[in-house]
Amino acid sequence: MTMNALRSLWAEPRATDAPGRMPRDWMLVGALMVAALLEGVLRDDVAWRPFATIVAVGLVPVLLWRRTHPLACVVVAFGTAMALGLASLLRPSVGLDTMIYVLVLVYALVRWGSGREMVIGLAVVAVAAGIGMVPDHVGPTEVFGGFAILAAAAAGGAAFRYRAESRRRELDQIRGQERVGLARELHDIVAHHVSAIAVQAQAGRAMAGQRPAAALEVLATIEEEASRTLTEMRAMVRVLRDGAPAGYASQPGVADLVSLARSAPVPVVDVELPEDLDGLPPQIDAAVYRLAQEALTNALRHARDASRVRIRVVDGAGTLRLRVTDDGRIDPKRPVNHGFGLLGMTERVQLLGGTLRAGPAPEGGWTVDAELPTKVRR
């Protein structure tokens, strides 16, 4: 298990969301350079004052590259600290307290670096810290405290990295769920329009010999329906593609069922809606429309000799009920298979906390009956 963890750490890629250099980075560098310069000038116990001050001030700009080149920054800064530690063997306490800013590089190494960079960089940090403690002859408490500070800086970087990665995975999951929903919407749209085109084509074929003018009108309707299908399908596919800009239009709802009925190639489609449609949750409003659209599509596709489809929406106490029936005939010898349509309807209703029943009606035809709560569970 330990070896697997080490291999996983070694193979860890760099963080993908590293920001570029920002104005606050320049402000941080400027403030630290001023602080190091003041400490070098005002402190009386600084050994090798010019050299220590130049090193402390000169290393500050390394912070500007801490996100893009974390390992190189750590090697430069702690390599210099290692050299100061060796120089302290000749004269103790070479260096300024301001150089504690190198802890920012430890944080940046773990936050932004790859697994290889973390392992190599932390090894350099540990060696530099060990060499720096030798000249001061520190005891176990100071050694533990020093390494604890380094570990805290590294842990801070790991914590923020884990939080950012968790957030990224959460967003990816949300996008995946949205894409599944969009794919279901695409199926509903295409299935409805293609079914309408098929019915119109059959009608035009039947009238072509006796009424050529009517057949031409049917062809014009088919052309219009096909153009609308392509437009909606291209818009949806554009959203499904990674990296493509998404332009979101308002979703059709219960009030649009009247327009849906007018575009259906069935002699009669009756729509009965409640008087007050205000206050419906957007999810319920769009779901009722899509359920009715799919049920109408199934009636056009599977019901034989259907002359009337009835869409009825009833607003009850805390629920909204959709009932779609047709007067078509169902061949008892032929199994009815609605494929992904019925499955998508069932999943949509269940996600919203409702129920769906679909099947042959006792008086003939097919019935789709859905109940949805008007208050969506969160």
Side-chain angles (χ1 to χ4, degrees), residues 1-2 5-6 8-19 21-22 24-25 27-33 35-36 39 52 55-57 59-86 88 93-169:
M1 183 178 295
T2 303
L6 291 176
S8 178
L9 175 61
W10 186 259
E12 177 75 16
R14 273 192 177 187
T16 57
D17 56 344
R21 200 170 296 142
M22 294 178 287
R24 65 184 182 188
D25 295 325
M27 295 175 60
L28 175 64
V29 168
L32 288 174
M33 291 181 72
E39 183 185 5
V55 169
V57 173
L59 280 179
V60 174
V62 173
L63 295 174
L64 296 174
W65 290 273
R66 67 186 185 277
R67 301 187 190 96
T68 55
H69 301 83
L71 178 59
C73 292
V74 165
V75 170
V76 170
F78 282 87
T80 303
M82 197 182 307
L84 291 178
L86 294 175
S88 297
S93 300
V94 177
L96 302 180
D97 295 338
T98 311
M99 288 188 65
I100 197 173
Y101 62 73
V102 295
L103 292 176
V104 176
L105 299 176
V106 178
Y107 166 88
L109 175 69
V110 181
R111 174 64 180 91
W112 309 110
S114 66
R116 290 181 175 86
E117 289 174 329
M118 280 188 261
V119 173
I120 297 172
L122 291 177
V124 172
V125 170
V127 172
I131 292 177
M133 293 178 183
V134 170
D136 294 331
H137 305 287
V138 296
T141 303
E142 288 80 3
V143 171
F144 177 81
F147 279 101
I149 293 174
L150 292 173
F160 278 92
R161 183 181 185 127
Y162 175 78
R163 189 179 71 171
E165 185 66 19
S166 299
R167 177 61 177 166
R168 185 187 64 80
R169 285 197 297 266

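- Applying the 6.0 Å contact sphere to CZ of F160 captures no more than 12 heavy atoms from other residues, nucleotides or ligands.
- Between F78 atom CZ and I131 atom CD1 the span is 12.5 Å, to the nearest 0.5 Å.
- Contact detail for T80 and V76: the closest heavy-atom pair is OG1-O, 2.7 Å.
- Considering every non-hydrogen atom in both A108 and P70, the closest pair reads O-CB, 4.0 Å.
- Partners of E12 according to the side-chain hydrogen bond (donor to acceptor under 3.5 Å, both in side chains) rule, which considers only residues two or more places apart in sequence or in another chain, do not exist here.
- Listed by chain and number, the residues in a salt bridge (Lys or Arg N to Asp or Glu O under 4.0 Å) with R14 are E117 (sequence neighbours excluded).
- Contact between V106 and L150 at its shortest, heavy atoms only, is CG1-O, 3.9 Å.
- A distance of 12.0 Å separates CE of M27 from CE of M22, quoted to the nearest 0.5 Å.
- In terms of modelled atom types and a separation under 3.5 Å, the side chain of R67 and the main chain of W112 share no donor-acceptor contact.
- I120 contributes atom CD1, which lies 10.0 Å from atom CG of L109 (distance to the nearest 0.5 angstrom).
- For the residue pair A153 and L103, the shortest heavy atom distance occurs at CB-O, 3.8 Å.
- Here the closest non-hydrogen pair linking V127 and M82 is CG1-CE, 4.0 Å.
- Of the inter-residue distances, the one linking D25 atom CG with L63 atom CG reads 8.5 Å to the nearest 0.5 angstrom.
- Side-chain contact between T141 and F144 is absent, with no heavy atoms from C-beta onward closer than 4.5 Å.
- Judged by distance alone, with hydrogens and angles left aside, the side-chain atoms of R66 form no donor-acceptor pair with the main-chain N or O of C73 at under 3.5 Å.
- Side-chain N or O atoms of R161 include one that pairs as donor or acceptor with a backbone N or O of G113 at under 3.5 Å.
- Atom CG of L71 is separated from atom CG of L105 by 11.0 Å, given to the nearest 0.5 angstrom.
- The shortest non-hydrogen separation linking E39 to L96 is OE1-CB, 3.4 Å.
- The main-chain N or O of V29 is never found under 3.5 Å from a side-chain atom of Y101 such that the two would form a donor-acceptor pair.
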